[in-house]
Amino acid sequence: MREQIEIINQRIAAACQRAGRDFFDVTLVAVSKTVEPARIRQAIEAGVRVLGENRVQEAAGKILELADVVAAHNVTWHLIGHLQSNKARRAVELFSAIQSVDSFKLAERLNSVADELGKRLPVFIEVNLGGEDSKAGVAPGEVLPLCEQVATLPALELRGLMTVPPYLDDPNDVRPFFCRLRALRDEARQAGIVGSEFKELSMGMSHDFEVAIEEGATLVRIGTALFGSRA
Ligand SMILES: *Cc1c(COP(=O)(O)O)cnc(C)c1O
(Lines give C-alpha, C1' and ligand atoms only; values in the text may rest on other atoms or scores of the structure.)
Protein backbone atom coordinates (compact mmCIF):
# COMPACT_ATOMS: atom_id res chain seq x y z
CA MET A 1 0.00 0.00 0.00
CA ARG A 2 2.77 2.41 0.98
CA GLU A 3 4.54 1.70 -2.29
CA GLN A 4 1.38 2.24 -4.34
CA ILE A 5 0.79 5.60 -2.69
CA GLU A 6 4.40 6.58 -3.24
CA ILE A 7 4.10 5.74 -6.95
CA ILE A 8 0.90 7.78 -7.33
CA ASN A 9 2.43 10.73 -5.47
CA GLN A 10 5.47 10.62 -7.76
CA ARG A 11 3.21 10.62 -10.81
CA ILE A 12 1.25 13.57 -9.38
CA ALA A 13 4.52 15.40 -8.70
CA ALA A 14 5.81 14.75 -12.23
CA ALA A 15 2.57 16.03 -13.79
CA CYS A 16 2.75 19.13 -11.57
CA GLN A 17 6.31 19.74 -12.65
CA ARG A 18 5.39 19.50 -16.35
CA ALA A 19 2.63 22.04 -15.75
CA GLY A 20 4.69 24.34 -13.53
CA ARG A 21 2.34 23.70 -10.62
CA ASP A 22 2.90 23.10 -6.92
CA PHE A 23 2.48 19.51 -5.73
CA PHE A 24 0.64 20.78 -2.65
CA ASP A 25 -2.06 22.37 -4.81
CA VAL A 26 -3.27 18.92 -5.86
CA THR A 27 -5.18 16.77 -3.37
CA LEU A 28 -5.28 13.02 -3.75
CA VAL A 29 -8.77 11.66 -3.10
CA ALA A 30 -8.40 7.91 -2.62
CA VAL A 31 -11.58 6.33 -3.97
CA SER A 32 -12.38 3.46 -1.62
CA LYS A 33 -15.71 2.22 -2.99
CA THR A 34 -15.88 -1.60 -2.78
CA VAL A 35 -12.57 -1.59 -0.84
CA GLU A 36 -12.60 -3.38 2.52
CA PRO A 37 -12.12 -1.36 5.70
CA ALA A 38 -8.88 -3.19 6.56
CA ARG A 39 -7.26 -1.97 3.34
CA ILE A 40 -8.62 1.54 3.76
CA ARG A 41 -7.03 1.54 7.23
CA GLN A 42 -3.69 0.61 5.66
CA ALA A 43 -4.05 3.44 3.18
CA ILE A 44 -4.72 5.92 5.97
CA GLU A 45 -1.76 4.62 7.96
CA ALA A 46 0.33 5.06 4.81
CA GLY A 47 -0.63 8.71 4.45
CA VAL A 48 -3.98 9.00 2.64
CA ARG A 49 -5.99 11.89 4.14
CA VAL A 50 -9.02 12.27 1.86
CA LEU A 51 -11.24 9.34 0.92
CA GLY A 52 -13.96 9.25 -1.71
CA GLU A 53 -17.04 7.05 -1.61
CA ASN A 54 -19.93 7.00 -4.06
CA ARG A 55 -22.72 5.49 -1.97
CA VAL A 56 -23.98 6.80 1.34
CA GLN A 57 -25.05 3.39 2.60
CA GLU A 58 -21.76 1.65 1.81
CA ALA A 59 -19.73 4.52 3.24
CA ALA A 60 -21.69 4.65 6.51
CA GLY A 61 -20.46 1.26 7.72
CA LYS A 62 -16.86 1.97 6.81
CA ILE A 63 -16.81 5.42 8.35
CA LEU A 64 -18.10 3.99 11.64
CA GLU A 65 -15.71 1.05 11.57
CA LEU A 66 -12.71 3.30 10.87
CA ALA A 67 -13.69 6.06 13.30
CA ASP A 68 -10.56 5.59 15.45
CA VAL A 69 -7.97 5.85 12.68
CA VAL A 70 -9.97 8.57 10.92
CA ALA A 71 -9.94 10.72 14.06
CA ALA A 72 -6.26 10.00 14.76
CA HIS A 73 -5.19 11.19 11.30
CA ASN A 74 -7.69 13.95 10.53
CA VAL A 75 -9.10 12.02 7.59
CA THR A 76 -12.04 13.47 5.68
CA TRP A 77 -14.59 11.72 3.46
CA HIS A 78 -15.97 13.15 0.22
CA LEU A 79 -19.15 11.90 -1.42
CA ILE A 80 -18.45 11.57 -5.15
CA GLY A 81 -21.49 9.58 -6.29
CA HIS A 82 -25.04 10.62 -7.07
CA LEU A 83 -27.05 11.62 -4.00
CA GLN A 84 -30.81 11.34 -3.64
CA SER A 85 -32.48 14.06 -1.60
CA ASN A 86 -33.92 11.51 0.84
CA LYS A 87 -30.36 10.52 1.85
CA ALA A 88 -29.18 14.10 2.25
CA ARG A 89 -29.37 14.08 6.05
CA ARG A 90 -27.21 10.97 6.41
CA ALA A 91 -24.79 12.35 3.83
CA VAL A 92 -24.34 15.62 5.72
CA GLU A 93 -23.77 13.68 8.94
CA LEU A 94 -21.10 11.46 7.38
CA PHE A 95 -19.24 13.49 4.77
CA SER A 96 -16.98 16.56 4.95
CA ALA A 97 -17.81 17.53 1.36
CA ILE A 98 -20.36 16.61 -1.29
CA GLN A 99 -18.81 16.68 -4.77
CA SER A 100 -21.92 15.55 -6.65
CA VAL A 101 -24.49 18.33 -6.33
CA ASP A 102 -26.52 18.29 -9.54
CA SER A 103 -29.75 20.15 -8.80
CA PHE A 104 -30.95 23.15 -6.82
CA LYS A 105 -33.47 20.94 -5.05
CA LEU A 106 -30.66 18.77 -3.67
CA ALA A 107 -28.61 21.84 -2.76
CA GLU A 108 -31.55 23.32 -0.83
CA ARG A 109 -32.03 20.09 1.05
CA LEU A 110 -28.32 19.91 1.94
CA ASN A 111 -28.45 23.54 3.01
CA SER A 112 -31.34 23.02 5.38
CA VAL A 113 -29.82 19.90 6.96
CA ALA A 114 -26.39 21.56 7.31
CA ASP A 115 -28.06 24.58 8.86
CA GLU A 116 -29.90 22.38 11.35
CA LEU A 117 -26.68 20.61 12.29
CA GLY A 118 -24.85 23.91 12.62
CA LYS A 119 -22.39 23.08 9.83
CA ARG A 120 -21.07 24.90 6.80
CA LEU A 121 -20.82 22.20 4.16
CA PRO A 122 -18.35 22.35 1.24
CA VAL A 123 -20.00 21.35 -2.04
CA PHE A 124 -19.08 20.99 -5.71
CA ILE A 125 -21.35 21.11 -8.75
CA GLU A 126 -21.06 17.97 -10.88
CA VAL A 127 -20.95 18.64 -14.61
CA ASN A 128 -21.81 16.10 -17.32
CA LEU A 129 -19.48 17.36 -20.05
CA GLY A 130 -19.96 14.47 -22.46
CA GLY A 131 -23.76 14.60 -22.39
CA GLU A 132 -23.77 10.90 -21.51
CA ASP A 133 -27.11 9.55 -20.26
CA SER A 134 -25.31 7.08 -18.00
CA LYS A 135 -23.66 9.88 -16.03
CA ALA A 136 -24.89 12.32 -13.45
CA GLY A 137 -24.31 16.02 -13.49
CA VAL A 138 -25.72 19.14 -15.06
CA ALA A 139 -25.21 20.18 -18.67
CA PRO A 140 -22.47 22.79 -19.21
CA GLY A 141 -25.07 25.43 -20.03
CA GLU A 142 -26.71 24.97 -16.63
CA VAL A 143 -23.52 25.35 -14.61
CA LEU A 144 -23.47 29.13 -14.20
CA PRO A 145 -27.18 29.49 -13.35
CA LEU A 146 -26.91 26.67 -10.79
CA CYS A 147 -23.74 28.13 -9.28
CA GLU A 148 -25.47 31.47 -8.89
CA GLN A 149 -28.38 29.83 -7.04
CA VAL A 150 -26.26 27.56 -4.84
CA ALA A 151 -23.97 30.43 -3.89
CA THR A 152 -26.92 32.08 -2.13
CA LEU A 153 -27.40 29.17 0.30
CA PRO A 154 -25.74 30.22 3.56
CA ALA A 155 -24.96 26.79 5.02
CA LEU A 156 -23.21 25.63 1.84
CA GLU A 157 -19.75 26.66 0.75
CA LEU A 158 -19.54 26.32 -3.02
CA ARG A 159 -15.97 25.20 -3.65
CA GLY A 160 -15.86 24.36 -7.35
CA LEU A 161 -16.74 21.88 -10.07
CA MET A 162 -16.45 18.13 -10.50
CA THR A 163 -16.69 15.98 -13.60
CA VAL A 164 -16.47 12.40 -14.82
CA PRO A 165 -15.65 12.83 -18.51
CA PRO A 166 -16.20 10.14 -21.14
CA TYR A 167 -13.76 7.25 -21.02
CA LEU A 168 -11.40 7.44 -23.99
CA ASP A 169 -8.52 5.00 -24.53
CA ASP A 170 -5.96 7.74 -24.99
CA PRO A 171 -6.00 10.03 -21.92
CA ASN A 172 -4.81 12.88 -24.14
CA ASP A 173 -8.14 12.77 -25.92
CA VAL A 174 -9.84 13.62 -22.62
CA ARG A 175 -7.89 16.89 -22.38
CA PRO A 176 -10.56 19.05 -24.07
CA PHE A 177 -13.07 18.01 -21.37
CA PHE A 178 -10.70 19.03 -18.61
CA CYS A 179 -10.08 22.36 -20.36
CA ARG A 180 -13.83 22.86 -20.58
CA LEU A 181 -14.33 22.35 -16.85
CA ARG A 182 -11.55 24.81 -16.10
CA ALA A 183 -13.12 27.35 -18.48
CA LEU A 184 -16.49 26.97 -16.74
CA ARG A 185 -14.88 27.58 -13.35
CA ASP A 186 -13.11 30.67 -14.65
CA GLU A 187 -16.32 31.98 -16.24
CA ALA A 188 -18.22 31.64 -12.96
CA ARG A 189 -15.46 33.49 -11.14
CA GLN A 190 -15.30 36.25 -13.72
CA ALA A 191 -19.08 36.63 -13.67
CA GLY A 192 -18.79 37.43 -9.97
CA ILE A 193 -21.53 34.96 -9.01
CA VAL A 194 -19.37 32.83 -6.70
CA GLY A 195 -17.13 33.51 -3.71
CA SER A 196 -13.35 33.42 -3.47
CA GLU A 197 -13.45 29.81 -2.21
CA PHE A 198 -14.83 28.70 -5.59
CA LYS A 199 -11.55 27.50 -7.05
CA GLU A 200 -11.52 23.71 -7.05
CA LEU A 201 -11.54 21.41 -10.06
CA SER A 202 -12.18 17.77 -9.13
CA MET A 203 -11.20 15.91 -12.28
CA GLY A 204 -8.99 13.02 -13.31
CA MET A 205 -9.20 9.35 -12.32
CA SER A 206 -6.75 6.42 -12.48
CA HIS A 207 -6.66 6.42 -16.26
CA ASP A 208 -6.26 10.13 -16.94
CA PHE A 209 -5.25 12.03 -13.78
CA GLU A 210 -1.93 13.24 -15.13
CA VAL A 211 -3.60 15.01 -18.05
CA ALA A 212 -6.17 16.44 -15.62
CA ILE A 213 -3.38 17.88 -13.45
CA GLU A 214 -1.76 19.43 -16.52
CA GLU A 215 -5.11 21.13 -17.17
CA GLY A 216 -5.55 22.45 -13.63
CA ALA A 217 -7.12 19.70 -11.47
CA THR A 218 -6.93 20.55 -7.76
CA LEU A 219 -8.37 17.20 -6.66
CA VAL A 220 -7.79 13.88 -8.43
CA ARG A 221 -10.02 10.92 -7.57
CA ILE A 222 -8.03 7.71 -7.80
CA GLY A 223 -9.39 4.24 -7.10
CA THR A 224 -7.99 1.32 -9.09
CA ALA A 225 -4.47 2.75 -9.50
CA LEU A 226 -4.22 2.78 -5.69
CA PHE A 227 -6.28 -0.17 -4.49
CA GLY A 228 -6.19 -2.44 -7.54
CA SER A 229 -9.07 -3.38 -9.81
CA ARG A 230 -12.53 -3.59 -8.25
CA ALA A 231 -13.35 -6.87 -10.05
C1 LIG B 1 -14.99 5.08 -9.03
C2 LIG B 1 -14.84 6.54 -9.22
C3 LIG B 1 -13.56 7.12 -9.35
C4 LIG B 1 -12.27 6.34 -9.37
O5 LIG B 1 -12.13 5.63 -10.55
P6 LIG B 1 -10.79 4.81 -10.89
O7 LIG B 1 -10.85 4.67 -12.36
O8 LIG B 1 -10.88 3.52 -10.17
O9 LIG B 1 -9.64 5.62 -10.45
C10 LIG B 1 -13.51 8.50 -9.47
N11 LIG B 1 -14.62 9.28 -9.48
C12 LIG B 1 -15.85 8.73 -9.36
C13 LIG B 1 -17.03 9.65 -9.37
C14 LIG B 1 -16.00 7.36 -9.23
O15 LIG B 1 -17.24 6.85 -9.11
Side-chain angles (χ1 to χ4, degrees), residues 1 3-12 15 26-37 39-40 42-44 46 48-60 62-63 76-84 87 91 94-103 106 122-139 143 159-175 177-178 180-182 200-231:
M1 197 71 241
E3 214 172 296
Q4 260 339 92
I5 292 167
E6 184 54 31
I7 290 167
I8 296 294
N9 278 331
Q10 279 170 9
R11 288 173 61 185
I12 291 173
V26 179
T27 299
L28 168 63
V29 180
V31 177
S32 54
K33 64 187 182 208
T34 78
V35 177
E36 285 168 24
R39 298 209 59 223
I40 302 174
Q42 289 174 346
I44 294 168
V48 161
R49 291 296 171 263
V50 185
L51 289 156
E53 285 280 341
N54 66 346
R55 287 160 174 269
V56 174
Q57 200 57 38
E58 180 186 340
K62 295 176 184 179
I63 294 174
T76 58
W77 298 82
H78 287 204
L79 182 66
I80 59 172
H82 181 68
L83 176 61
Q84 289 168 315
K87 291 187 182 144
L94 292 167
F95 291 93
S96 302
I98 310 287
Q99 293 199 10
S100 46
V101 172
D102 59 1
S103 72
L106 173 62
V123 298
F124 297 60
I125 304 291
E126 180 171 0
V127 189
N128 185 352
L129 291 175
E132 296 164 280
D133 290 340
S134 59
K135 286 181 182 159
V138 299
V143 172
R159 288 275 179 89
L161 303 176
M162 183 272 249
T163 194
V164 184
Y167 180 91
L168 300 169
D169 283 334
D170 182 349
N172 262 308
D173 294 338
V174 190
R175 193 179 296 274
F177 293 99
F178 296 141
R180 185 83 201 277
L181 198 73
R182 185 184 64 216
E200 309 293 351
L201 291 173
S202 176
M203 58 188 195
M205 310 182 3
S206 292
H207 172 65
D208 54 18
F209 70 89
E210 286 140 311
V211 174
I213 290 169
E214 289 168 18
E215 296 306 328
T218 62
L219 299 102
V220 289
R221 308 180 310 269
I222 302 182
T224 49
L226 261 182
F227 292 109
S229 74
R230 286 182 289 272

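Order of listing sets the numbers, starting from 1, for every ligand and every atom in it. Because the structure is a prediction, the values reported are computed rather than measured.
Between E126 and K135, none of the side-chain N atoms (NZ, or NE/NH1/NH2) sits under 4.0 Å from a carboxylate O, so this pair counts as no salt bridge. Using a cutoff of 4.0 Å between basic side-chain nitrogens and carboxylate oxygens, R11 and E210 are scored as salt-bridged.
Shown here are the side-chain hydrogen bond (donor to acceptor under 3.5 Å, both in side chains) partners of R55, two or more places apart in sequence or in another chain: there are none. With sequence neighbours left out, the side chain to side chain contact (heavy atoms under 4.5 Å, CB included) criterion links T76 to V50, H78, S96. With sequence neighbours left out, S206 forms a side-chain hydrogen bond (donor to acceptor under 3.5 Å, both in side chains) with T224.
For ligand 1, residues of the protein lying within 4.0 angstrom by heavy-atom distance are V31, K33, N54, I80, V164, M205, S206, R221, I222, G223, T224, R230.
Among the candidates V35, I8, I7, the single residue satisfying the side chain to side chain contact (heavy atoms under 4.5 Å, CB included) test with L226 is I8.
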